[in-house]
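Input: a single structure, listed below in structure tokens.
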Amino acid sequence: MIYLTRKIEFSAAHLYHNSAFSAEENRRIFGKCNNPHGHGHNYVLEVTVAGAPDPTTGMVLDLKELKEILQREIIDRMDHRFLNYEVPELAGQIPTCENIAATIWKLLEPRITRGRLHRVRLYETPDLFVDCYGDGDAR
Amino acid sequence: MTLHLTRRYSLSASHRLHSPRLGEEENQRTYGKCNNPYGHGHNYVVEVSVSGPADPATGMVAHLGELDAFVAREVLETFDHKYLNEDVAAFCERVPTTENLCIEIYNRLRAFPGARLERVRLEETSLNSFEYAGESDRRAS
């Protein structure tokens with residue numbers, strides 16, 4: 001089994017706010033992430049696909065194809081966007097690193113038709129990242 | 001779907017690798033310059049990974065403020081800017097290799113109430129790192 005990883009970056013804004021909480025609770029739980037006009041990050045996304053190399057091409061999957069999928073599904077959707085308001089897949093969710101990574105997993109998993117999606121790793125900053133795995137695949 | 005959240009922390013400490021079970025010459029041969037008598041230091045990076053479902057109300061696996069406070073209390077306050085051999089009780093008997101430090105940090109963080117501790121990864125330098133996921137590491141089977 002080979003694990004192939006492709007990295008992309010996108011920049012986006014977000015804020016954390018749960019309308020079921022009072023203003024005070026929002027401030028206590030989310031801290032400065034609750035600032036009303038939001039703030040942004042340079043997100044770094046690492047997508048890992050597992051599979052055996054094709055005997056003819058020697059590739060797990062065509063990197064060009066993966067690059068196009070990442071462009072279409074992630075960059076076109078999220079880059080230079082305000083995640084709370086402009087990404088319908090995140091509507092009704094707090095756009096934490098956890099929820100963004102899980103959303104990215106759901107967007108990519110059905111698009112990876114050669115090999116299988118093994119891991120989505122999303123860095124919000126160099127000191128904070130989330131790994132998303134399929135059921136039973138964490139390692 | 002499984003979510004692992006990882007947070008990186010830094011701590012600076014000194015240590016000396018010297019085993020009371022070995023003679024002077026054998027210590028020198030085993031540990032080389034890490035056996036120099038007055039110790040030396042590193043900027044360690046601690047990567048703490050916890051797992052669990054994202055809370056629907058907050059979108060979080062673990063509240064970062066709570067995790068930061070727990071790591072500060074259990075790890076950083078104990079090890080940061082210390083001489084591991086002399087200042088940390090756990091290393092009075094055990095050699096403070098980064099392997100043993102990684103296990104010690106893991107054991108201290110297991111009690112984190114906010115999520116399940118998955119793994120501790122400890123960088124001694126940017127070129128050396130160690131990981132520990134407990135005795136029942138799923139990857140080991």
Side-chain angles (χ1 to χ4, degrees), chain A residues 3 14-22 25-34 44 46 48 83-84 89-110 117-139, chain B residues 1-12 43-72 75-76 80 109 112-123 126 129 131-134 136-141:
Chain A
Y3 295 87
H14 69 175
L15 74 91
Y16 295 172
H17 183 87
N18 184 336
S19 52
F21 295 154
S22 68
E25 279 175 314
N26 269 298
R27 170 55 62 177
R28 181 173 51 77
I29 294 166
F30 297 126
K32 60 190 176 184
C33 296
N34 183 239
V44 175
E46 290 179 4
T48 302
L83 299 174
N84 302 62
E89 289 78 9
L90 284 164
Q93 300 184 57
I94 315 286
T96 55
C97 199
E98 292 92 319
N99 278 338
I100 304 167
T103 297
I104 289 173
W105 176 279
K106 287 177 198 154
L107 286 167
L108 293 181
E109 206 265 334
L117 186 58
H118 169 68
R119 186 182 75 188
V120 162
R121 172 173 285 187
L122 183 65
Y123 287 87
E124 187 174 277
T125 71
D127 292 332
L128 176 65
F129 61 89
V130 165
D131 291 323
C132 188
Y133 298 95
D135 290 329
D137 211 14
R139 53 170 210 132
Chain B
M1 189 188 297
T2 307
L3 292 171
H4 291 190
L5 176 136
T6 300
R7 185 84 156 144
R8 282 165 67 90
Y9 304 90
S10 306
L11 69 91
S12 302
N43 296 321
Y44 294 93
V45 174
V46 188
E47 274 189 13
V48 178
S49 298
V50 298
S51 67
D55 181 329
T58 64
M60 297 172 178
V61 166
H63 190 282
L64 278 183
E66 291 172 11
L67 181 61
D68 289 353
F70 194 82
V71 172
V75 176
L76 304 182
D80 188 33
L109 294 179
F112 177 60
R116 180 182 190 280
L117 180 65
E118 279 292 329
R119 176 163 51 242
V120 168
R121 180 172 169 274
L122 185 58
E123 294 179 9
S126 61
S129 68
E131 287 183 41
Y132 185 63
S136 57
D137 188 348
R138 280 175 282 180
R139 295 175 304 169
S141 55

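What's counted below: heavy atoms across the whole structure, side chains too, no hydrogens, waters or symmetry copies. Below, chains carry the letters A, B, ... as their sequence lines are ordered, and counting in each starts from 1.
Contact detail for A/Tyr16 and A/Pro95: the closest heavy-atom pair is CE2-O, 3.4 Å.
In this structure, the portions of A/Asp135 lying under 4.5 Å from any heavy atom of chain B include both its backbone and its side chain. Within the 4.5 angstrom heavy-atom criterion, only side-chain atoms of A/Phe21, from C-beta onward, approach chain B. When heavy atoms are compared at a cutoff of 4.5 Å, B/Glu66 does not approach chain A at all. The contact between B/Ala54 and chain A is made entirely by side chain atoms (from C-beta outward), counting heavy-atom distances below 4.5 Å. Using a 4.5 Å cut-off between heavy atoms, A/Ala20 does not touch chain B at all.
Checking A/Asn84 against A/His14 by side-chain atom types alone, no donor-acceptor pair falls below 3.5 Å.
Using a 4.0 Å cut-off between charged nitrogen and carboxylate oxygen, B/Arg7 and A/Asp127 do not count as a salt-bridge pair. Ionic pairing of B/Arg119 and B/Glu47 is not present here: no N-O contact between side-chain nitrogen and carboxylate oxygen is shorter than 4.0 angstrom.
Per-residue heavy-atom pair counts under 4.5 Å with chain B were compared for A/Gly31, A/Ala101, A/Cys132, and the maximum is reached by A/Cys132. For the options A/Arg121, A/Glu124, A/Glu98, A/His17, heavy-atom pairs under 4.5 Å to chain B are most numerous at A/Glu98.
Aromatic pair A/His118/A/Tyr133: centroids less than 6.0 angstrom apart.
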